[in-house]
J.: 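Right, I'll just put the structure down here and ask away after.
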Amino acid sequence: DRESDDDSYEVLDLTEYARRHHWWNRVFGRNSGPIVEKYSVATQIVMGGVTGWCAGFLFQKVGKLAATAVGGGFLLLQIASHSGYVQVDWKRVEKDVNKAKKQLKKRANKAAPEINTLIEESTEFIKQNIVVSSGFVGGFLLGLAS
């Protein structure tokens with residue numbers, strides 16, 4: 001009687017289930033799928049281009065702000081150090097940086113499978129929506145340039 005109970009259960013392979021049920025179905029619902037099926041090529045290029053331009057423009061502005069903040073902070077630290085206001089223990093800084101590098105290497109090795117699945121999902125999304133993706137890349141480059 002115990003063997004018949006075991007035969008009634010179906011084994012579910014979670015990796016195959018995850019491959020068939022994409023993340024965008026969980027976010028946007030079952031009716032979502034490749035954009036190719038819903039809009040014309042011109043509409044897809046425009047949608048990709050506009051979103052790409054916005055992302056590129058924001059990326060450019062945030063990048064400039066971050067570079068200015070980091071560079072300005074470093075410049076102020078150097079001025080304060082040369083003026084005698086701040087004493088930097090460079091050996092301790094080097095020791096802490098090396099310690100942080102080791103911790104990052106350990107964490108990077110643990111996160112590799114998750115990154116690989118993210119890359120696979122992104123590649124599949126780009127393949128299924130190549131027109132929108134190419135419009136996005138073009139718009140992103142234009143946004144960086146403006």
Side-chain angles (χ1 to χ4, degrees), residues 1-81 88-146:
D1 186 42
R2 187 136 172 94
E3 279 185 32
S4 64
D5 287 343
D6 290 339
D7 292 337
S8 65
Y9 295 109
E10 180 182 348
V11 176
L12 179 64
D13 184 9
L14 291 178
T15 56
E16 187 61 33
Y17 177 82
R19 284 190 186 121
R20 284 185 282 142
H21 297 86
H22 301 290
W23 64 268
W24 55 82
N25 287 341
R26 289 191 297 267
V27 174
F28 299 112
R30 293 262 181 234
N31 294 332
S32 66
I35 296 174
V36 175
E37 300 167 359
K38 297 179 183 178
Y39 300 103
S40 70
V41 173
T43 305
Q44 292 177 55
I45 290 175
V46 169
M47 285 179 7
V50 169
T51 57
W53 183 86
C54 291
F57 186 76
L58 287 173
F59 190 79
Q60 175 203 31
K61 295 298 179 187
V62 170
K64 282 183 181 179
L65 180 67
T68 302
V70 170
F74 183 72
L75 180 66
L76 288 175
L77 181 65
Q78 288 297 320
I79 291 171
S81 176
V88 179
D89 185 3
W90 290 109
K91 290 186 183 212
R92 184 173 178 187
V93 169
E94 184 179 358
K95 186 177 95 175
D96 289 344
V97 166
N98 288 334
K99 187 177 178 182
K101 281 184 191 176
K102 288 178 185 177
Q103 289 178 352
L104 283 174
K105 283 182 182 178
K106 287 180 184 177
R107 290 183 184 170
N109 292 337
K110 290 179 183 177
E114 296 166 357
I115 292 172
N116 287 338
T117 56
L118 179 66
I119 291 172
E120 288 173 9
E121 284 183 358
S122 301
T123 305
E124 186 176 336
F125 179 81
I126 289 170
K127 284 180 184 177
Q128 288 181 352
N129 300 298
I130 192 69
V131 178
V132 173
S133 301
S134 59
F136 180 86
V137 169
F140 185 81
L141 293 175
L142 286 173
L144 281 178
S146 59

J.: Minimum heavy-atom separation for Thr51 and Gly48, please, with both atom names.
T.: OG1-O, 3.1 Å

J.: Quick one: pull up CG in Leu118 and CD in Glu120 and give me the separation to the nearest 0.5 Å.
T.: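 So the CG of Leu118 and the CD of Glu120 are separated by 10.0 Å.
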
J.: Which value, rounded to the nearest 0.5 Å, describes the distance between Lys91 atom NZ and Asp96 atom CG?
T.: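 Atom-to-atom, Lys91:NZ and Asp96:CG are 14.5 Å apart.
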
J.: Any donor-acceptor pair under 3.5 Å linking the side chain of Ser81 with the backbone of Leu77?
T.: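 Checked: no pair found.
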
J.: What distance separates Gln44 CD from Ser133 OG, expressed to the nearest 0.5 Å?
T.: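 It comes to 9.5 Å.
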
J.: Using 0.5 Å steps for rounding, measure from the NZ atom of Lys106 to the CG atom of Leu104.
T.: 11.5 Å

J.: Output all residues satisfying side-chain contact (heavy atoms from CB on, under 4.5 Å) with Lys64, sequence neighbours left out; order by chain, then residue number.
T.: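 Lys64 satisfies side-chain contact (heavy atoms from CB on, under 4.5 Å) with Gln60 once adjacent residues are dropped.
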
J.: Has Glu94 got more than 12 heavy atoms of other residues, nucleotides or ligands less than 6.0 Å from its CD?
T.: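 Counting neighbours around CD of Glu94, 12 or fewer heavy atoms of other residues, nucleotides or ligands fall under 6.0 Å, so no.
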
J.: If the condition is side-chain contact (heavy atoms from CB on, under 4.5 Å), which residues does Ile79 pass it with, not counting sequence neighbours?
T.: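 Checked Ile79 against side-chain contact (heavy atoms from CB on, under 4.5 Å); matches are Leu75, Ser83.
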
J.: For the CH2 atom of Trp53 and the CG atom of Leu58, what is their distance to the nearest 0.5 Å?
T.: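 So the gap between those two atoms works out to 8.5 Å.
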
